[in-house]
Amino acid sequence: FIWIIMIGCNIDFNLSSKQEIHSFLVGILGTIVTLLIGWNIYTVIDYNVLSRKLERELNYAHNKMDVNKADTYSFLCQQCVVSFSSCSQELSKFRMICFGLNAIKIYSSTPGCEREMDDVCKSLEEGLKASNNIKLSESEIDEILLTCGSIPAHKRNAIDVQRIINLIKN
């Protein structure tokens with residue numbers, strides 16, 4: 001490649017000895033190796049930029065999946081609030097609490113979901129107040145309180161979760 005450029009530029013080669021020919025070939029090979037190493041470095045840097053971008057996109061998708069899961073739990077919690085049946089009120093109350101707490105747990109660990117978490121807390125509080133006359137067994141209450149303990153504590157949700165715990169215990 002470099003030889004063709006030199007010929008195209010009418011550069012006169014006066015390579016009379018073998019040593020000069022070898023020096024010229026070593027120079028060409030050194031230039032080619034330098035170009036290839038530079039290309040590899042550029043490729044690695046470009047790969048690192050792309051991998052960081054891909055990692056950000058995957059984290060975004062993962063968070064969106066968690067939010068969708070929390071939305072489902074929130075919906076199920078709200079359905080349980082309005083669908084207390086006379087034959088299985090204890091089961092409906094237990095499911096309502098479990099779904100609501102799971103939604104709060106996911107929302108509290110996902111940035112930007114404060115409003116959704118507040119809505120679930122309010123719905124769960126309303127459901128607990130409406131079902132105050134329905135009593136749960138001690139084992140169900142213990143299971144629910146363990147779930148409450150796994151909710152990440154933040155300043156925003158600590159008061160709401162504590163109110164929910166108090167309503168569950170009563």
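Throughout, numbering of the chain's residues begins at 1 and tracks the sequence.
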Measuring from [X]:[atom1] to [Y]:[atom2], what's the distance to the nearest 0.5 Å?
X    : Y    : atom1 : atom2 : answer
K105 : Y73  : NZ    : OH    : 9.0 Å
L167 : R163 : CG    : CZ    : 8.5 Å
I104 : F99  : CD1   : CZ    : 14.0 Å
I141 : L146 : CD1   : CG    : 12.5 Å
K169 : I144 : NZ    : CD1   : 12.5 Å
N102 : I97  : CG    : CD1   : 12.0 Å

So E143 and F94, side chain to side chain contact (heavy atoms under 4.5 Å, CB included) or not? Walk me through it. CA-CA 10 Å; E143 185 177 336; F94 180 74; 3.7 Å; yes

Any donor-acceptor pair under 3.5 Å from K93 side chain to L128 backbone: no

Please determine whether side chain to side chain contact (heavy atoms under 4.5 Å, CB included) holds for the pair C121 and I164, giving the CA-CA distance in whole Å, both sets of side-chain angles, and the decisive distance to 0.1 Å. CA-CA 8 Å; C121 287; I164 290 170; 4.2 Å; yes

Residues two or more places apart in sequence or in another chain: which of them pass side chain to side chain contact (heavy atoms under 4.5 Å, CB included) with S137? S139, E140

Taken in chain and number order and not counting sequence neighbours, the residues that satisfy side chain to side chain contact (heavy atoms under 4.5 Å, CB included) with I37 are V33, I41

Ionic contact status for K122 with D118, cut-off 4.0 Å: no

Considering non-hydrogen atoms only, spot the tightest contact between A103 and A70 and give its length. CB-O, 3.5 Å

Please report the closest heavy-atom contact between G100 and V120, naming both atoms and the distance. O-CG1, 3.6 Å

Decide whether L145 and M96 are clustered together by the hydrophobic rule: side chain heavy atoms of Ile, Leu, Val, Met, Phe, Trp, Tyr closer than 4.5 Å, transitively. yes

Do K53 and R56 make a side-chain contact, defined as non-hydrogen atoms from C-beta onward lying under 4.5 Å apart? yes

Determine whether more than 12 heavy atoms belonging to other residues, nucleotides or ligands lie under 6.0 Å from atom NZ of K135. yes

